[in-house]
2 protein chains.
Amino acid sequence: MQKSIKVLIVDDHQMFLDGLSSILVGDEQVEVVGVLTDARAVIDTLKDAPVDVVVTDVSMPHMDGIQLNAELKKRNIQAKVLVLTTHNDPDIIQKLIKGGVDGYLLKNAEKNELLTAIKTVATGGKHFSQEVQKKYTESLFSSATTSSTVQTALSKREKEILHLIVEEFTAQEIAEKLFISQHTVNTHRKNLLSKLGVKNTAGLVKQTILKGLLK
Amino acid sequence: MQKSIKVLIVDDHQMFLDGLSSILVGDEQVEVVGVLTDARAVIDTLKDAPVDVVVTDVSMPHMDGIQLNAELKKRNIQAKVLVLTTHNDPDIIQKLIKGGVDGYLLKNAEKNELLTAIKTVATGGKHFSQEVQKKYTESLFSSATTSSTVQTALSKREKEILHLIVEEFTAQEIAEKLFISQHTVNTHRKNLLSKLGVKNTAGLVKQTILKGLLK
DNA sequence: ACTGAGCTCACTAAAAATAGTGATTCTTTT
DNA sequence: AAAAGAATCACTATTTTTAGTGAGCTCAGT
């Protein structure tokens, strides 16, 4: 692949902007076509020059990454959106995924991961860093804040077990991990199937991951 | 983490063998339990001593890394396999991934990446260098477009069946829908588990959704 | 003190998934 | 023509999941 990937960087921190672009220019496949400190300018910029990937911070004044992504998708703009952030907030991740963002990773990600992410989304793929994925699925079980008047009243134990099911553990393995009987795990599993109104493991996992998106 | 990771190195080039082991012994978590110049001796060696990770070259006389990996997986040996190579041949990568190799990186990778890779696979993870990852995910979920370099890792039929699995259908139901035998569905399912490197239905669904295969 | 929810465990039984092996047919590629 | 990949089917065997029923125990709130 020799075609260069046109990247537009958006971040309100100049220092980060510099660091990021210096990393990107070192890659022969990537071409930084512009850097902006205000997300509101992105729309205008895109009118003039085509861009393959917009790399942006999630938290910025005036217009944050979520809004920016929403704007771009709303206007049916081709450019892919890759969001960077310092924090790993499940709510934000949820909004981004819901908004159809193409990738998401932490600012402390390695150079390689960033480049991989850019190339992945540029070719139509999705890239969510492992940490983000993990945190996100974890957050689906956290009994902490979030609230949002969650419909499924899953107990703490049920969430715990659902979490492990999603992590591909068998009932036996879960039983060993939690120091309980396999019977108990299966009972919880039965209740989960019933509560979530799904038929099998596939439904449990699907529901678990998509739950936040459906509402 | 204080437990040492037992590593067996296999390469037909003595010089590389030396260099590699000198790098590895410098890490307190890694213990080089043996070095071999002939892959055919690996099976025997593993009978005597337990090994966590086998680090091997992809191209060797008598038995290459692909065959070695296949042998180990076939014999259901616990040891993880990390493959090194000088080239970045998509076909080889394809075969390795298909063969369920645990990691793959270029010989010119940095010391840190190698150590990270070893630790990752030792703990049950997968490690593929960035180019490998890109090629893999690209090919895996490219929807019939582009993919001039690498063919889709998942066949059309496999994707079809994967979708139905995600939609909570059993093998029997899928068989009826597609007018094929239940045996065939199960064969495809087996191949999917292997190709996606997951353990069960939960893994299939998780991968499918998080990779954006499902809309 | 009572109640209900959550957590626990047990037993049975059927259905489904997982694992391994092998094989045929067809098509595409080399 | 030969090789390789894709799709098909079969057989065995084991593990896991799914389903139904019942029950004791603890803790929090009423």
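Letters A, B, ... mirror the listed sequences (proteins, then strands); counts begin at 1.
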Separation of atom CD in A:E158 from atom C1' in C:dG6, rounded to whole Å: 8 Å

Closest to side chain of B:T201, choosing from C:dT18, D:dT17, C:dC7: C:dT18

Bend angle of the helix from C:dA1-D:dT30 to C:dT30-D:dA1, end axes from five pairs each (to 10°): 50°

Heavy-atom closest pair, residues B:T56 and B:V81: CG2-CG1, 4.2 Å

Earlier contact from the 5' end, DNA chain D, for B:S181 and B:N200: B:S181

Non-hydrogen side-chain atoms of B:V198 and B:K206 separated by less than 4.5 Å: no

Donor-acceptor pair, side chain of A:T208 and main chain of A:L204, under 3.5 angstrom: yes

Candidates D:dT18, C:dT8, D:dA10 - which lies nearest the side chain of A:T184: C:dT8

Rounded distance (Å) that lies between atom P of D:dT21 and atom NZ of A:K190: 10 Å

Whole-Å distance separating the CD1 atom of B:I180 from the P atom of D:dA10: 12 Å

Given B:K190, B:K195, B:R189, the one that forms salt bridge (Lys or Arg N to Asp or Glu O under 4.0 Å) with B:E158: B:K195

Identified side-chain contact (heavy atoms from CB on, under 4.5 Å) counterpart of A:H188 within the set A:K159, A:H183, A:R157, A:E160: A:R157

Distance-only donor-acceptor test, A:T187 side-chain atoms vs C:dC9 base atoms, 3.5 Å: yes

Gap between atoms CD1 and P, on B:I161 and D:dA6 respectively (whole Å): 14 Å

Donor-acceptor pair, side chain of B:N200 and main chain of A:E168, under 3.5 angstrom: yes

Minimum heavy-atom distance between B:N186 and B:A171, given as atom pair plus value: OD1-CB, 3.6 Å

Rounded interatomic separation in angstrom, taking NZ from B:K199 and P from D:dT15: 15 Å

side-chain N/O A:H183 vs C:dT8 OP1/OP2, d < 4.0 Å: no

Separation of D:dG5 P from B:K195 NZ (nearest whole Å): 10 Å

B:L204 CG - C:dA16 C1' separation (whole Å): 14 Å

Interface with DNA chain C, restricted to residues 169-176 of chain A and to heavy atoms under 4.0 Å: none

Working for side chain to side chain contact (heavy atoms under 4.5 Å, CB included), residues A:L178 and A:L164: CA-CA 10 Å; A:L178 301 181; A:L164 293 171; 4.2 Å; yes

Distance-minimising heavy-atom pair for A:E173 and A:T170: OE1-N, 2.8 Å

Spacing of B:E168 atom CD relative to D:dT18 atom C1', expressed in whole Å: 13 Å

Side chain of A:R157 - closest among C:dT18, D:dA7, C:dT8: C:dT8

